[in-house]
Amino acid sequence: MVRTTVSVIKADVGSVAGHYKPHQKMLDLAKRMLAEAQETGLVKSFYVYSIGDDIGLVITHHKGEENAEIHGLAWNIFKEVTEKISKPLKLYAAGQDLLSDAFSGNIRGLGPGVAELEFEERGSDPVIVFAADKTEPGAWNLPLYKIFADPFNTAGLVIDPRLRSGFIFEVLDMIEGKEVRIKTPEESYDLLALIGTTGRYCISKVYRAEDNEPAAAASTSRLSLIAGKYVGKDDPVLIVRAQAGFPAVGEILAPFAIPHLVAGWMRGSHNGPLMPVSFRKHAVISYFDGPPRVIAMGWQVSNGELVGIDGTEPADLFDDPFWDYSRNIASQIAIYMRTMGEIMPARLDPTEMEYTTLPQVLKKLESRFRKTRSLEVGVP
Ligand code: F6R
Ligand code: MG
Ligand code: MG
């Protein structure tokens, strides 16, 4: 049986009007390079999208996950786009996410985000790719829990016998670089205890418990932890398989109806609502460099290829009047959060902020701090 891999590899290598959107020539060059790789047989099919200042490559192939040729191709595309388009046009933050020059077989750890899912195709295999801008991998924790573990979101967990065995979540500790598998529904409280800490624990994979069949994969890189300093938010991607033994497409989209707060937004230092938008019309940023956005692209994966509504052009799953309601709520939350200015929790915890003046302020005030009565600060 042929196994197919869906690889989604994304990077911010420059954009127009600040962080608004990549230049069309950047997308065109990426498409040309992928079309060449398709002719050699390395790539079976592909789609190039953008959200905010990020470019994403969706590639199907038969090489498996973590493949050096596929990762090398994506790396070369981001390098070429930077050198041939972003830099000559002086686009904003040209080459931003290419943190290292040391490609040696795997793009992970070099800056770009990666999500990959290898599986044996079913009779029919609907797949959704989500991509977010102005946030981090922990942004998927809440929707992934709802999709695969919350019976109030996913009716199939209760009324479809094929979903009754539950799911296994692979949770990554991004600080210590270790992972743990947690089974729901039995261990759902343990799962929630971990993934509530979105800056540290994120869900990297989900498997159907019954047969260990892969159901979802998310990108987990945190640029700041790679670079040792804050260099922009990670803008994560997520692949989810749908229907016939997995949650239905509508159950997978449902958690985004009430926008949840995610870390990122302006200067990577604020909590803001994740607004679901059409990738064709509204995958850009505006108010306060946001609010953070999420797009959803739907395909069938058939005989190793992406089948969209026209060629590889995907279904634009948040392009429906229903989501106006959610966008409206997101706008209201965004404006409400801004009324708090730079006061937590509108502003992030100091350890999570991309921009800060705190060290300078503390230095300036150092000599003016006076010891206070110990009782009041709890020091013995
Ligand atoms: C956040 C982001 C933007 C920038 C902001 C300031 O990830 O990309 O919100 O942080 O526009 O950018 P600079 O410092 O380049 O002017
Ligand atoms: Mg971005
Ligand atoms: Mg950016």
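Whatever order the structure lists ligands and atoms in, that order sets their numbers, starting from 1. Residue numbers run from 1 in the order of the sequence given.
The CG atom of L73 sits 5.5 Å away from the CG atom of L34 when rounded to the nearest 0.5 Å.
Listed by atom number, the atoms of ligand 1 under 4.0 Å from G268 heavy atoms are 1 (C). Close contacts between ligand 1 and K134 involve ligand atoms 1 (C), 2 (C), 7 (O), 8 (O) [criterion: under 4.0 Å to a heavy atom]. For ligand 1, the atoms lying closer than 4.0 Å to a non-hydrogen atom of D289 are 3 (C), 4 (C), 5 (C), 9 (O), 11 (O). Which parts of ligand 1 touch M266 is read off a 4.0 Å heavy-atom cut-off, strictly below it: atoms 9 (O).
With atom 16 (O) of ligand 1 as the reference point, the heavy atom nearest to it among W265, Y92, F288 is part of Y92.
Using bins of under 30°, 30° to 60° and over 60° for the plane-to-plane angle, the ring pair F318/W323 lands in the perpendicular bin.
Atom OD2 is the N/O/S atom of D235 found closest to the Mg ion (ligand 2). Of all N/O/S atoms in D133, OD1 sits nearest the Mg ion (ligand 2). The atom of D53 nearest to the Mg ion (ligand 2) is OD1, with the search restricted to N, O or S atoms. Atom OD2 is the N, O or S atom of D54 at the shortest distance from the Mg ion (ligand 2).
Tested against V13 for a side chain to side chain contact (heavy atoms under 4.5 Å, CB included), the candidates E80, Q96, K79, M26 yield a single pass: M26. Each of D53, D234, D54 was evaluated against K10; a single residue qualifies, D54, per the salt bridge (Lys or Arg N to Asp or Glu O under 4.0 Å) test.
The residues K25 and D28 are annotated as not salt-bridged, no charged nitrogen and carboxylate oxygen being separated by less than 4.0 angstrom.
Within the structure, the closest approach of G18 to ligand 1 does not fall below 4.0 Å when heavy atoms are considered.
Remark: R347 engages no residue in a salt bridge (Lys or Arg N to Asp or Glu O under 4.0 Å) (not counting sequence neighbours). Scanning for salt bridge (Lys or Arg N to Asp or Glu O under 4.0 Å) contacts around D349 gives an empty result, with sequence neighbours left out.
At a heavy-atom distance under 4.0 Å, only side-chain atoms of H19, from C-beta outward, approach ligand 1.
Put simply, D12 stays out of reach of the Mg ion (ligand 2), with no N, O or S atom under 2.8 Å from it.
In summary, the side chains of Q300 and S124 do present a donor paired with an acceptor at a separation below 3.5 Å, with no hydrogens or angles considered.
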